[in-house]
S.K.: 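The structure's right below; bear with me while I get my questions together.
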Amino acid sequence: MNKLEEAIIYATIMHQGKIRKFGKIPYILHSLEVAQILSTMTEDEDVITAGILHDIVEDTDGTMEEIKKRFGERVAELVASETENKYPNEDKCATWKRRKEDSLLVLKNSRDMGVKMLWLGDKLSNIRSLARVYSEQGNRMWKEMNQSDPAMHCWYYRSVAEILELSLNKTGAFKELIKHINSIWPGTFDSEKARYKKYREVSVEGCKLLGRGAKGDVYRYDDELVIKVYNDNNTYSDVEKEIAQSRKAFILGLPTAISFGIVAVGNQYGAMYELMNAETVSECIARNPGQVESYGRIMADLARNIHGIEVTNEDGFPSVAERLCTYIQGGVGRENHELAEKCLKLIHSLPERKNLVHGDFHSGNVFMHGGEPYLIDMDRVAMGHPIAEIADLYYFYVVLGEKEPSVVEKFMGFSYDTAKQFFETFLKTYLETEDVDRLQEVTEKASLLCYARMVNKLHKKDNLSERERELSEYYMKKVEMLVQKLDTLEF
């Protein structure tokens, strides 16, 4: 008996007596349908076997250990990617969105094509069933489900499709998934997505790395073009969103490069920009550290230009305060709730400002082109108080290297001493002052947000090493000292 045959028998026994939510058909037929869909995309026996077994742990008494023992570690890993945390002591309706968000994060972070195909097979089988029932019952269908809001189901299926698109948009299964999504929720996707689409494929092999940002790396593609390659967990809509943000910022007067095309770079998205003979400010400083103060002044003038633009809620930019609060809640809040509340109070007490802020402002995201600075990496553009931008700069040039200077040196491409000199010049120029007390005051306010951000950065891992625990304690002491000293973040 081969692995597939054994999986069919095992799944049939484990799902015995269970029926699907709609139609009262034996549950095993769903598992077999998923396997059949997978067989149209791959001949990988482990992936197809996982399709047969994907609901065993979630919906039967079967265990991951048993699957691993019977069918191997690879099959078990694939099944695990599709197995939700059920939060057994909580109501299914109440945990629906949390369970879906947890699962989507697993899919988004996976580089395994087998995982992506398994998800596509399962979701296509599910939405075939939904589409069939929807054609008969319409919106009455949702009342029988744990989540009765059709908009939430739309969000979930749209999110899955966006994550899978670059890898699997050429498959018939993906096109059918889009067709069913649009039939239940008309207009969710451009109808072109349900047809064959091939993105222009480019390679950055051998291309010079110009800079690193929060969402991807920027390369010099040729003499005229640069390309931003987005991290694996960015979807097509993430790239579209950043390009749309860039256009809005450009219209408002920001000197920003506009992407003219989305491309595929392996299994990642890329955005092309026309920037002939342009260098990042980081490259310019690295090539000529003696000019660091000149570039500090250029960046300060650019920052004042950005912050001098006032926007409205209708412009659609998020509040930068929300990002700052996330840093507090994700780091300090996990260590000391009372201290986190004091930090949040300082953020919330900032006067409401409608100034534009870039959100990822550093010399690796600014190109010198024809003697003028041009911004890229616009996905974090927001509105709010400029202290957030000052804090970002202090974070990149000083705090990141406070314990490990090599981190800044690797990120920026020049020495830590040069980085500190850059920030000092920037702040003096931005504030238009040489007053030591004034510079110290603003630096301390920025540093509170920076140290909180460092704690958040460390806590992105579930389990901290001994060294990371020591660092967290150091940064927490800094936060505590500054909270006691400061009564406002306004400057």
S.K.: Report yes or no: is the cationic atom of Lys97 (NZ for Lys, CZ for Arg) under 6.0 Å from the centre of the six-membered ring of Trp155, at an angle within 45° of the ring normal?
M.R.: yes
S.K.: Do His153 and Trp96 have ring centroids that are under 6.0 Å from one another?
M.R.: yes
S.K.: Can a cation-pi geometry be assigned to Arg438 and Tyr430, taking NZ or CZ under 6.0 Å from the six-membered ring centre and within 45° of the ring axis?
M.R.: no
S.K.: Parallel, tilted or perpendicular: which fits the ring planes of Phe361 and His358, with parallel below 30° and perpendicular above 60°?
M.R.: perpendicular
S.K.: Hey, would you say the Phe414 and Phe422 ring centroids sit under 6.0 Å apart?
M.R.: no
S.K.: Using a strict threshold of under 4.0 Å (side-chain N to carboxylate O), is an ion pair present between Arg304 and Asp301?
M.R.: yes
S.K.: I'd like to know if Lys123 pairs up with Glu82 as an ion pair, taking the criterion as any Lys NZ or Arg NE/NH1/NH2 lying under 4.0 Å from an Asp or Glu carboxylate oxygen.
M.R.: yes
S.K.: Nearest 0.5 Å please: distance from the CG atom of Asp217 over to the SG atom of Cys207.
M.R.: 12.0 Å
S.K.: Going by an N to O cut-off under 4.0 Å, is there a salt bridge joining Lys345 and Glu341?
M.R.: no
S.K.: Think Lys248 forms a cation-pi with Phe317, using NZ or CZ under 6.0 Å from the six-ring centre and within 45 degrees of its axis?
M.R.: yes
S.K.: Looking at Tyr397 versus His362, is the centre-to-centre ring distance below 6.0 Å?
M.R.: no
S.K.: Would you say the side chain of Glu242 lies within less than 4.5 Å of the side chain of Asp377, judging by non-hydrogen atoms?
M.R.: yes
S.K.: Using 4.0 Å as the upper bound for N to carboxylate O, is an ion pair formed by Asp392 and Arg323?
M.R.: yes
S.K.: Ring-plane angle category for His54 and His30, please: parallel below 30°, perpendicular beyond 60°, tilted otherwise.
M.R.: perpendicular
